[in-house]
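The structure under discussion appears below in the form of structure tokens.
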There are 2 protein chains.
Amino acid sequence: MVTMPDRSPAPAGDFPLPAVDEQMCFALYAASRAVVNLYRPLLEPLGLTYPQYLVMMLLWERGECWVKDFGSVLQLDYGTLTPLLKRLEVRGLLHRGRDPRDERSVRVVLTDEGRRLRERAEGIPEAIGRVIDLPEEEFEATRLALRRLTANVLAGEARLHEDG
Amino acid sequence: MVTMPDRSPAPAGDFPLPAVDEQMCFALYAASRAVVNLYRPLLEPLGLTYPQYLVMMLLWERGECWVKDFGSVLQLDYGTLTPLLKRLEVRGLLHRGRDPRDERSVRVVLTDEGRRLRERAEGIPEAIGRVIDLPEEEFEATRLALRRLTANVLAGEARLHEDG
DNA sequence: CGCAATTACTTTGCGCGCAACGAATATTGG
DNA sequence: CCAATATTCGTTGCGCGCAAAGTAATTGCG
């Protein structure tokens with residue numbers, strides 16, 4: 001890398017592309033990262049990352065899961081889930097084991113320590129809500145709009161794959 | 001890892017935690033990843049990842065940038081930007097160089113090849129819009145709701161840091 | 001002026017996310 | 001029953017995203 005001359009190059013011309021910070025995709029990307037960053041200091045005392053917290057919430061809700069359940073609910077693939085679950089197992093929060101009736105499947109169950117961690121996580125959603133501080137109605141409307149958006153995106157993607 | 005017995009363990013009890021797939025944070029996380037996945041096949045022919053596309057859009061808009069501009073607009077830190085910009089430089093899409101008037105700052109300018117790439121990217125926003133297929137009004141409302149949400153999150157985060 | 005604080009960037013380490021490839025088990029069709 | 005196919009999971013490689021620590025240049029203050 002070399003030092004550069006002082007002049008400014010000519011701008012790129014007219015702009016058929018919308019400005020980056022006015023596009024839906026960027027609004028989503030920025031909002032998602034901002035919210036995950038909000039969780040970080042609350043999850044750090046529990047020793048959890050945000051995706052690990054999602055996995056633990058599903059386990060707290062169901063008590064047990066198969067790995068493919070995490071995949072279908074959280075939309076994560078095995079390349080992400082396998083090492084993530086291994087780390088949680090090493091930390092003693094869960095056990096993993098093959099289903100004897102179908103040796104392909106891996107069942108995941110909470111340990112007592114994993115169950116106990118739930119109590120320390122109970123205040124998190126409310127704490128997050130206080131910081132975000134949006135009217136309940138607007139908060140709910142935004143959440144539902146995101147679900148419709150995601151559903152449309154996944155449907156559109158499927159449409160592309162089946163014909164063109 | 002060992003095979004496991006057949007029985008299901010008892011569920012975790014009552015659920016003061018809302019279900020994972022009904023929380024705002026997960027709606028955001030899922031929507032953001034779904035949309036980025038929608039861009040992937042469109043960006044792959046250009047040899048760009050999604051964050052690289054964001055950087056290029058800002059450059060197409062301004063012609064040149066300082067590294068800290070990417071940081072403030074895209075909310076990315078140097079640990080992400082430095083290697084990303086190096087990869088784009090190796091690909092010949094931009095040049096990086098120290099500002100002779102302030103040797104701390106690094107200026108980033110498009111190469112001719114980087115400018116030419118813009119033409120191949122022009123159809124992307126419209127193609128994405130066709131796949132998402134939401135009424136213009138709802139699309140816009142969701143985008144603005146996300147901007148308000150992000151603004152509130154960042155303001156709330158700042159509030160936590162200044163007093164407690 | 002001198003020196004502490006600040007700014008702009010780089011580097012390292014770690015945990016995702018995802019594609020691509022591969023392995024093992026289960027299911028289905030002939 | 002056997003072969004082809006599908007399902008479930010694992011591994012590898014790469015590019016983010018972020019924290020923490022470090023470097024070099026500039027600014028601000030007494």
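Each chain gets a letter, A, B and so on, in the order the sequences are listed, and its residues count up from 1.
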Could you list the protein-to-nucleotides 2-4 of chain C atom pairs, N/O on both sides, closer than 3.5 Å?
none

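The CH2 atom of A:W60 sits 6.5 Å away from the OH atom of A:Y53 when rounded to the nearest 0.5 Å. To the nearest 0.5 Å, atom CG of residue B:L93 and atom OG1 of residue B:T111 are 5.5 Å apart. Atom CG of A:L149 and atom OG1 of A:T142 lie 12.0 Å apart (nearest 0.5 Å).
Nucleotide C:dC9 holds its C1' atom 10 Å from the NZ atom of B:K86, rounded to whole Å. D:dT11 atom P lies 14 Å from atom CG of A:L81, rounded to whole Å. Atom pair B:E44:CD and D:dC14:P shows a separation of 16 Å (rounding to whole Å applied). D:dT7 atom C1' lies 14 Å from atom CG of A:D69, rounded to whole Å. If you take CZ of B:R98 and P of D:dT26, they are 10 Å apart, rounded to a whole angstrom. When the C1' atom of C:dT10 is taken as reference, atom CD of B:E89 falls 14 Å away, rounded to whole Å.
Within the 4.5 Å cutoff, the side chain of A:T80 has no heavy atoms near those of the A:L74 side chain. Side-chain contact check for A:L17 versus B:E61: every heavy-atom pair is 4.5 Å or farther apart. Side-chain contact between A:V106 and A:L85: absent, with no pair of heavy atoms (C-beta onward) separated by less than 4.5 Å.
A:R96 has a side-chain polar atom (N or O) that falls below the 4.0 Å cut-off from OP1 or OP2 of D:dG10. In terms of phosphate contacts, A:T82 brings no side-chain nitrogen or oxygen within less than 4.0 Å of OP1 or OP2 of D:dC9. Using a 4.0 Å cut-off, no side-chain N or O of A:R91 falls inside it from OP1 or OP2 of C:dG15.
Helix-axis bend for the helix from C:dC1-D:dG30 to C:dG30-D:dC1: the local axis fitted to the five terminal pairs at one end deviates from that at the other end by 20°, rounded to 10°.
For residues 24-50 of chain A, there are no salt bridge (charged side-chain N to carboxylate O under 4.0 Å, His left out) pairs, not counting sequence neighbours. Counting only residues at least two apart or in different chains, salt bridge (charged side-chain N to carboxylate O under 4.0 Å, His left out) contacts with residues 142-151 of chain B comprise A:E138-B:R148, B:E140-B:R143.
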B/S/- contact track for nucleotides 16-25 of chain D, protein heavy atom under 4.0 Å: SBBB-----B

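A heavy atom closer than 4.0 Å to some atom of DNA chain D occurs in no member of residues 21-28 of chain B.
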